[in-house]
Structure formats: C-alpha cells, structure tokens
Amino acid sequence: MASEKQINVGGVLIGGGAPVAVQSMTTTKTFDADATLAQVLRLQEAGVDIVRVAVPGLPDADALPRIVAESPVPIIADIHFNASLAIRAMDAGVAAVRINPGNIGGADKVREVVAKAQETSTPLRIGANSGSLPEHLKWTATSDPIGALVQAAMEEVELLEELGFHDFKISVKSTSVPVMIGAYRKLSGLVPYPLHLGVTEAGTLVTGAVKSSIGIGTLLEEGIGDTIRVSLSVDPVEEVRVAYDILRALGLRHMGPEMISCPSCGRTNVEVHVLAEIVETRLRGYKEHFEVAVMGCAVNGPGEAGDADFGIAGGRDAGHIYAHGEVLKRVPQDQLVDEMFAEVDRWIAAGMPRPERGRRKLSLPVVGGPS
Ligand code: SF4
C-alpha cells in the first residue's frame, strides 16, 4: 500500500498518495561545488525531483550551504559514521539527511541528530542495506535475508519512534531483486512511513535497468513505494531516464515524450535501430508529453503504432509519416526524421490538438507480422 504518512523533502511531497518522486545521486566530489551543481543541473534537466550528495568529510559539509542555495532541486545529504556532519548539513539547510542510525556513533549521537532534525524540521531517510547489516543480524541474514533486512530497518524505526520522531522515510535495499521485493513487501505491512525503493548497486546500464525495472516496477505495481532511485554505474542522468521509463511503463508519471519502436525483421529496408536512436536523441529536447512510433515498414508498423501521436514507417527509398493514426505524407527516406519533427513542432505550436478516436482508421494496409 502507498504509505499513510507523508513527508516534505524541500517542497517535494513523499508518500501519502503523492506522485512517486524520482531521485538520483551525484558522482562528483561534493566539496567541488561547481562540479556538483553542474551535475545537479543536468539531473534537473532530465527531470529529477530530489538529488542526494555524499558528505564524507568536513570539506563536503562546508560546500553544502552554496549547493543548497544554488540547487534548483532539494538536496539530501548522505552521511555515515559522523553525527556532527549530519548536524552541519542540517544547519546548511539541506532538505533531508540520509543516515544509518546503526553506524552514526551510538544512542547519544542518534539523539543529537534527531534533536537537530526536530529543531530544523528536517526529514531523515533511514534504512538498511543487505551489504551493511548490523553484526547481530549477519548470521540471521545467511538463512533469512529478507527477515534480517526488515529487522534491521525496524530496529532503526523503533529507535526514532522512542525519541518521538516520525518525520522519515525508509529503505531496505539489496543487490538481490527477490530479497528487496520481499523486504519491501514485508516492511510495507509493518509501518505507515514512506518507502524509498531501490535495488542497490544494480549494475551497468542494461543490467541495472533490468534489475531495477523488475524490483522497483513489481513493487510500484503493487502500490508499494513512494520515491525511487535507480542505482547505475553510469552517468546519473541515465538513472533518471530509467526511473521515468519505469514510471511511464506503469502509467504512473510522464516526463517528456515517449517513443515506441519495432524490433525490426526481414520485412524492413531501413536500419530501425539507427532511426530509433536518432529519434530518441531528438525527443530529449522536448518537455511535452506525446508519443512517437518508429517502425521498420508500412506493413503492420502503423497499425501497431496506431495510438501514437506521430510515427514514421521506413521504406526502401521513401517512408511514411503518420499522425494520430492517419498517414500524413510519403517522403524520401533521408528526410523522414526531419519532416516528422517539423510536423511535431507545428502540432505543438497549435496547442497539441488530439482528434477524437477509437481504434484508428489507417490509410495503409494492415496485415499480420511479427511486431
Ligand atoms: S513487420 Fe513489424 S517488426 Fe517487421 S519491420 Fe515491419 S513494423 Fe518492424
């Protein structure tokens, strides 16, 4: 279930039915405020709602006031082992702090951090990670990794609740997709707090996107989860793109245009993957939400892409451009992409009118095929 409680991270509402928020984390040295802010801006252009920055030392904490002041999106400080850095971060005005109460230096240090969070109305993110479970749960984890992860998180929850603090969200991340799915399912039945979903250290672009899509997507489809971070070993901008692909696929949020493309087959006379990459790159320049189809032929391509706002279907020398299920024109192959985008621009300038339609009527023949 979506969480009962809602927290406010620098103006971005998380939980309690708010739209699923997209997060990422910078890969720059946080003390390099110029580089960090430049990356935050790129993430914001990609649609990120919240950005987390690592704060491993004093120079990083010292850079926070400027980063917080100049960032266009809320900043979360990620802090381990050092309560005084967490307190400095809150004094710098960060929107939230991610801490692990189990490694922040004992009960007194947790109390200090919570007192500052209460004083500054700063939400916290707590939670466990299968790679850094507390010692007393490591043996449990060998036979019951889900139970160990949830128990670690619940011990943190109880600690904060005993201090009268309830302004937090929780994560129970694992590199194992079945373990993280099981842990979040279990945790969602135990707490009313917002859940931050992620498959930790998911991997490179393709592997990580697949693991994250299955893990995060499965939970979101069940109504579990309030904010997501796709962890990839690539440019964090890709994390945001994959996060939106997951949300878009589930019909939860849209960010910019959506492209569908056929897998190609022996009927095509064009390189569909090249066309698709060109179109996908150009679509990144649009903020509007619309759908474009890139199909390899005019046999059943248009039929299968009939719900798209615009589309192209490749041909030997000339291809078709279609809009809202109707063929607009036939143009030479080398002008196909430019001509379609000219039509898209005209349509956007006209206010993006969409005709009433049921199943689209197509001027092209529609026959069976492998799409
Ligand atoms: S038949 Fe389908 S898969 Fe094959 S090229 Fe045409 S649209 Fe693409």
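Starting from 1, each residue takes its place in the sequence as its number. Both counts, for ligands and for their atoms, begin at 1 and track the order of listing.
- Ring pair Tyr193/Phe168: centre-to-centre distance below 6.0 Å.
- Under a 3.5 Å cut-off, the side chain of Asp226 and the backbone N or O of Leu195 do form a donor-acceptor pair.
- Between Phe341 and Tyr286, the ring-plane angle classifies as parallel under the 30° and 60° cut-offs.
- Annotation: side chain of Asp245 is not in contact with side chain of Ser213 (no heavy-atom distance under 4.5 Å).
- For Cys262, every heavy-atom contact with ligand 1 shorter than 4.0 Å involves the side chain, none the backbone.
- Atoms of ligand 1 lying under 4.0 Å from at least one heavy atom of Arg267, given by number and element, are 1 (S).
- At a heavy-atom distance under 4.0 Å, no atom of Ala313 approaches ligand 1.
- Taking 2.8 Å as the criterion, Cys265 does not count as a coordinating residue of atom 8 (Fe) of ligand 1, since none of its N, O or S atoms falls below it.
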